Number of protein chains: 2
Amino acid sequence: MTMNDQTLKDSLTKLKGTGVRITPQRHAILDYLIKSTAHPTADDIYKALEGKFPNMSVATVYNNLRVFREVGLVKELTYGDASSRFDFWHKDHYHIICTNCSKMVDFDYPGLDEVEQLAKHVSGFDVTHHRLEVYGLCPDCKK
Amino acid sequence: MTMNDQTLKDSLTKLKGTGVRITPQRHAILDYLIKSTAHPTADDIYKALEGKFPNMSVATVYNNLRVFREVGLVKELTYGDASSRFDFWHKDHYHIICTNCSKMVDFDYPGLDEVEQLAKHVSGFDVTHHRLEVYGLCPDCKK
DNA sequence: TTACTACATTATAATCGTTATAAAAAAGTG
DNA sequence: CACTTTTTTATAACGATTATAATGTAGTAA
């Protein structure tokens, strides 16, 4: 069993545990998200699966992405462009994004706890999480 | 002359310098953005100015926000919710955002240069800037 | 001041991502 | 297998943003 298979199995177990039914569509969307490294939009997912599910509705994709997000399996990314992108929540990491072609590369960075502490102190908020992205020109677009 | 007046004057000079004509609408939108601390949406701005410009089109607001963004006077903020928010670029700062009521508080934090360096090293990108937000529950919503 | 020209504004329609609705289908349980 | 509840589908609605074409105006130079 590959690592991705294991991740899928764990995810399905987690879903069942929260009372979410496992449909073939959900299975396929999750599988696609786990394997993807491309930060797909809802439409990307819809198109990728229309071979296997010719009758699937876009609404199904959106509904399930929302379910996955609520359960914490998937992260929704909103950048400047029109549509949201969805990442399977493999583990916390950051993105660097090309301002010309939108290519994304993942990178890790040890926690920005200090920033969260400062923000908490300044604002009086109960801090839960943060979001960070770095922007620039990718090697291809430099030319 | 107040600080805001000076900022407005400087902004108009900057616009003229790039060949952008100063119309009453542009003047008013800039003025509103400079004074605002509320991170308004395009519609907020439209509504706020309809008293002064009963015939102004939403398209004018959007067009000019794009112009201001391209010139570097205004920053566009895209969060999960439906519409973008626009900030006059007073100086770089970060936001902490309430996940319940969307209230925003500004805070400063000395540069995250180290993060940019790491991202550059990992990805080979030419880094230009980054974006960071902190999320949590504001004092009012804790109750 | 006037006249000119390029750029801006307006009004409107179109577009596109996303969500709501209601009927039909299927998952899970006993 | 039958039942109940959730899910899917198909479609329409929605809301933010952009495109279009006609009209108006800022800036400029005579």
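Because the structure is a prediction, the values reported are computed rather than measured. Chain identifiers are assigned alphabetically (A, B, ...) following the order of the sequence lines, protein sequences preceding nucleic acid strands; residue numbering begins at 1 within each chain.
Rounded to whole angstrom, the span from the CG atom of B:Leu15 across to the P atom of D:dA26 amounts to 15 Å. In this structure, A:His27 places its NE2 atom 17 Å from C1' of D:dT7, rounding to the nearest Å. To the nearest angstrom, P of D:dT6 lies 15 Å from CD of A:Glu70. For the pair B:Arg85 CZ and D:dA16 C1', the interatomic distance rounds to 13 Å; values are reported in whole Å. Here the C1' atom of nucleotide D:dT17 and the CG atom of B:Asp44 are 15 Å apart, to the nearest Å. Nucleotide D:dA10 holds its C1' atom 10 Å from the OH atom of A:Tyr46, rounded to whole Å. The separation between B:Lys16 atom NZ and D:dA26 atom C1' is 10 Å, rounded to whole Å. Between B:Glu76 atom CD and D:dT18 atom C1' the separation is 13 Å, expressed in whole Å.
Annotation: side chain of B:Phe86 is not in contact with side chain of B:Leu77 (no heavy-atom distance under 4.5 Å). Side-chain contact between B:Phe125 and A:Leu137 is absent, with no heavy-atom pair separated by less than 4.5 Å. A:His130 places none of its side-chain heavy atoms less than 4.5 Å from the side chain of B:Ile96.
Note on B:Lys9 versus B:Asp5: no salt bridge recorded, every NZ/NE/NH1/NH2 to OD/OE distance being 4.0 Å or above. With salt bridges taken as basic N to acidic carboxylate O contacts below 4.0 Å, none links B:Lys120 and B:Asp126.
Across A:Asp10, A:Val74, A:Asn4, a single residue satisfies side chain to side chain contact (heavy atoms under 4.5 Å, CB included) together with A:Ile34, and that is A:Asn4.
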Handout entry: Annotated protein contacts, base or backbone, on nucleotides 6-17 of chain C with a non-hydrogen cut-off under 4.0 Å, one of B, S, - each
Key = BBSSBB-----S
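Under the 3.5 Å distance criterion, the side-chain polar atoms of B:Ser11 are matched with a main-chain donor or acceptor of B:Thr7.
Checked by atom type, the side-chain pair A:Glu76/A:Ser84 shows a donor-acceptor distance below 3.5 Å. Using modelled atom types, one finds a donor on one side chain and an acceptor on the other under 3.5 Å when comparing A:Arg131 with A:Thr78.
Rounded to 10°, the helix from C:dT1-D:dA30 to C:dG30-D:dC1 has 40° between the axis fitted to its first five pairs and the one fitted to its last five.
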